[in-house]
Trainee: 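One structure is given below, represented as structure tokens, and several questions about it will come after.
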Amino acid sequence: MSDIKTLSFEEAMRELEATVGKLETGEATLEDSIALYERGAALRAHCEARLREAEERVEKITLAANGQPTGTEPAEGL
């Protein structure tokens with residue numbers, strides 16, 4: 001398994017979905033289930049952090065009176 005910190009949001013989501021699928025089958029041993037759950041929790045936290053980072057980078061497009069884009073400005077709250 002790769003280091004979670006190096007995963008993109010999409011890679012982490014795919015792995016999280018696969019992890020949840022493995023847990024839902026109920027075929028893993030107790031120890032494996034615990035390890036899967038712990039990795040899933042770490043993947044979820046990573047995805048949430050990546051989403052927060054993306055939200056902070058979102059820029060609001062400013063429009064002229066005629067509706068044409070004129071530039072960008074930081075999103076509210078930054």
Side-chain angles (χ1 to χ4, degrees):
M1 287 187 205
S2 59
D3 182 19
I4 292 173
K5 295 175 188 173
T6 63
L7 296 176
S8 70
F9 174 81
E10 293 79 9
E11 291 168 331
M13 281 299 296
R14 278 191 296 274
E15 186 174 334
L16 180 57
E17 289 169 353
T19 300
V20 169
K22 290 175 187 175
L23 285 169
E24 287 179 340
T25 65
E27 294 178 10
T29 65
L30 178 60
E31 287 300 315
D32 288 343
S33 294
I34 292 169
L36 286 167
Y37 182 84
E38 289 172 342
R39 182 143 177 104
L43 287 163
R44 181 188 56 80
H46 177 72
C47 288
E48 288 176 351
R50 296 298 296 248
L51 281 175
R52 274 193 308 277
E53 291 168 11
E55 288 172 352
E56 291 171 0
R57 292 177 25 213
V58 170
E59 294 182 325
K60 182 171 79 175
I61 297 173
T62 56
L63 301 176
N66 64 0
Q68 294 297 313
T70 59
T72 60
E73 63 184 48
E76 293 180 24
L78 297 180

Trainee: Ion pair present between Arg14 and Glu17, side-chain N to carboxylate O less than 4.0 angstrom?
Mentor: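 Answer for the salt bridge query: no.
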
Trainee: Judged by atom type as modelled, is there a donor-acceptor pair below 3.5 Å linking the side chain of His46 to the main-chain atoms of Leu7?
Mentor: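 At least one qualifying donor-acceptor pair exists.
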
Trainee: Can you get from Leu23 to Ile34 by hopping between Ile, Leu, Val, Met, Phe, Trp and Tyr side chains that sit under 4.5 Å apart?
Mentor: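 No: no chain of side-chain contacts under 4.5 Å links Leu23 to Ile34.
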
Trainee: If the threshold is 4.0 Å, N to carboxylate O, is there a salt bridge linking Glu48 and Arg44?
Mentor: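 Counted as a salt bridge, because a side-chain N and a carboxylate O are separated by less than 4.0 Å.
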
Trainee: Atom CG in Leu43, atom CD in Glu15: separation rounded to 0.5 Å?
Mentor: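 Going from CG on Leu43 over to CD on Glu15, the span is 4.5 Å.
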
Trainee: With sequence neighbours excluded, what pairs up with Thr29 under the side-chain contact (heavy atoms from CB on, under 4.5 Å) test?
Mentor: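 Testing Thr29 for side-chain contact (heavy atoms from CB on, under 4.5 Å), a comparison that skips the adjacent residues, returns Glu31, Asp32.
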
Trainee: Specify the closest pair of heavy atoms between Ile4 and Ala42, including all atoms of both residues, with the distance to one decimal.
Mentor: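 For Ile4 and Ala42, the tightest heavy-atom pair comes out as CD1-CB, 3.5 Å.
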
